[in-house]
Amino acid sequence: MNSRIPFLDLVAPHLELEDELVAVFRNALKTASFVGGATVEAFEADFAQFCCTRYCVGVNSGTDALRFALSATGVRPGDIVVTVPTTFIATTEAISQVGAIPEFVDIDEHTYNMHPGKLHDYLETQCTTDTSTGRIVSRRSGRPVTGIIPVHLYGQMADMDPIMELAERYRLIVIEDACQAHGAEYFSRKQGRWMKAGSIGRAAAFSFYPGKNLGACGEAGAVTTNDAALAAKIKMIRDHGQVKKYYHDVEGYNGRLDSIQAGILRVKLGHLTKWNFQRRDHAAEYRRLFTAASCGVNPPYEPSSTKPVYHLYVVRVRDREGMMDHLQQAGISTGIHYPIPLHLQKAYWALKHRAGDFPVTEMVTPEILSLPMFPQLTAEQQARVVGEIRNFVLSKTKKVGTGAVSVV
Ligand SMILES: Cc1ncc(COP(=O)(O)O)c(C=O)c1O
């Protein structure tokens, strides 16, 4: 009897690092240093170095990181921030929660990331210039467009060069949503070098939710930036708007990173490069297996300008529900990221979008399927996953008879 293949194994890395992780708790108990302090600062320095940025500010979650980055960079209530409909709702929650309004542009069919050409079209055709301020205004809402949040979805970076170029031309703030992309890289033709996720925009948000490539044992997040003043402002916002205890320059939040999570993240950060390599190796193995199986399922597209870290390994299949059921019965867990695009979520009915507004998003959404992907995944497990996918495809092809219609 085959054992189950989990979608994600959160236990193995914790058992592997148990002694070091328990030492973090012991140290926190002994010193009673729970909020802020040396451990948080040490993690911030290490993570900034990992991301090739000058600053990192630890916060309570990826959502906080987005919220604080938006408000610290000057996004104001009533502004428009442009993003994609294919992301976790936290991206748009953060926009709404600073009082701004999300507007969407469609994605690239192959990378699932923001399509720079569509961003260009949006800025050119759906916006107009306010002659009194020289800033652009959305025709849809009549509001000023001030920011862009490209999301590095599934661990692959968005095509940042043209996005940054448009941002410069239209004077827009770019906040990278790097919550799924710790350690991902992008080759910038403009800079002539590989650049890490989180080091390109004015600021970037990371989530350390437990299932992320770098995950805490609870909630945690961080903002990275090269701007000292911005980092200082975010430090203030995360701590009730104070620089000195009980002297509040502005209203802020209780959004600090606690020192137990910082200590845990510091231990795990030492293994992140290895874990990311393992994920990339597994992606290469899946590619090899899918090519050999020739069952019509294509591995994810990897442009030569990106080094993805495969937070998720996503393929497209037409009969997704049938495939998921088959895999579930074969003891293989899968996921969908995400089943409903944001513009069609009930939470955004007020934005008055309709089916058909973002055709590429709507075409891929019913087909995307996330397969097991985690550093400890074995070659045998991967062979079983692809073998079962092939079995399902063959069984469906047989059922439809001589017409041999592929289900994928
Ligand atoms: C793309 C994206 N943005 C934002 C977030 C929010 O992060 P958190 O859950 O740490 O608030 C996540 C987390 O799942 C995410 O995947």
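Treat the numbers as computed from the prediction; the structure is a model and nothing was measured.
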[X] side chain to [Y] main-chain N or O, any donor-acceptor pair under 3.5 Å?
X	Y	result
E362	G356	yes
T129	T131	no
K196	F50	yes
E176	I200	yes
H311	K212	no

Does the side chain of [X] pick up a donor-acceptor pair with the side chain of [Y] at under 3.5 Å?
X	Y	answer
T225	D227	no
Y310	E302	yes
H115	D106	no
H240	K245	no

Steps toward side chain to side chain contact (heavy atoms under 4.5 Å, CB included) verdict (N60, R256) = CA-CA 5 Å; N60 206 12; R256 297 164 298 231; over 6 Å; no

Is the shortest distance from a Lys or Arg side-chain nitrogen in [X] or [Y] to a carboxylate oxygen in the other one below 4.0 Å?
X	Y	answer
E103	R139	no
R76	D79	no
K190	E168	yes
R316	E109	yes
D46	R266	yes
R189	D159	yes
E285	R279	no

Any heavy-atom pair between the side chains of [Y] and [X] that's under 4.5 Å?
X	Y	result
F34	D258	no
N113	V84	no
I5	R384	yes
E44	V57	yes
V315	P299	no
I95	V75	no
K274	N276	no

Derivation of the ring pair (Phe, Tyr, Trp, His ring centres under 6.0 Å) call for F206 and F47 = CA-CA 10 Å; F206 286 88; F47 195 65; 4.9 Å; yes

So, for F208 and F43, is the gap between ring centers shorter than 6.0 Å?
-> yes

Tell me whether the centres of the aromatic rings in H282 and F374 are closer together than 6.0 Å.
-> no

Within a 6.0 Å radius of atom [atom1] on [X], are there more than 12 heavy atoms belonging to other residues, nucleotides or ligands?
X	atom1	result
Q49	CD	no
Y122	OH	yes
R135	CZ	yes
R143	CZ	no

Steps toward ring pair (Phe, Tyr, Trp, His ring centres under 6.0 Å) verdict (Y112, Y154) = CA-CA 9 Å; Y112 312 120; Y154 307 150; 5.6 Å; yes

Kindly confirm or rule out a cation-pi arrangement of K244 over Y247, judged by NZ or CZ under 6.0 Å from the six-membered ring centre and within 45° of its axis?
-> yes

Describe, in one word, how the ring planes of Y301 and H110 are oriented to each other, choosing from parallel (under 30°), tilted (30 to 60°) and perpendicular (over 60°).
-> perpendicular

In terms of ring plane angle, is the pair F104 and F358 parallel, tilted or perpendicular, where the classes change at 30° and 60°?
->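 Perpendicular: the ring planes of F104 and F358 meet at over 60°.
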
Assess whether ring pair (Phe, Tyr, Trp, His ring centres under 6.0 Å) is satisfied between Y186 and H152, documenting all intermediate values.
-> CA-CA 10 Å; Y186 170 79; H152 305 319; 8.3 Å; no

Pick from I264, V35, V40: which one makes a side chain to side chain contact (heavy atoms under 4.5 Å, CB included) with S259?
-> V40

For side chain to side chain donor-acceptor pair (under 3.5 Å), just list the numbers for Y348 and T92, CA-CA rounded to whole Å, side-chain angles, deciding distance to a tenth of an Å, and then say yes or no.
-> CA-CA 10 Å; Y348 292 116; T92 44; 2.8 Å; yes

Quick one: do Y338 and H343 satisfy ring pair (Phe, Tyr, Trp, His ring centres under 6.0 Å)? Show the steps, please.
-> CA-CA 12 Å; Y338 298 93; H343 68 287; over 10 Å; no

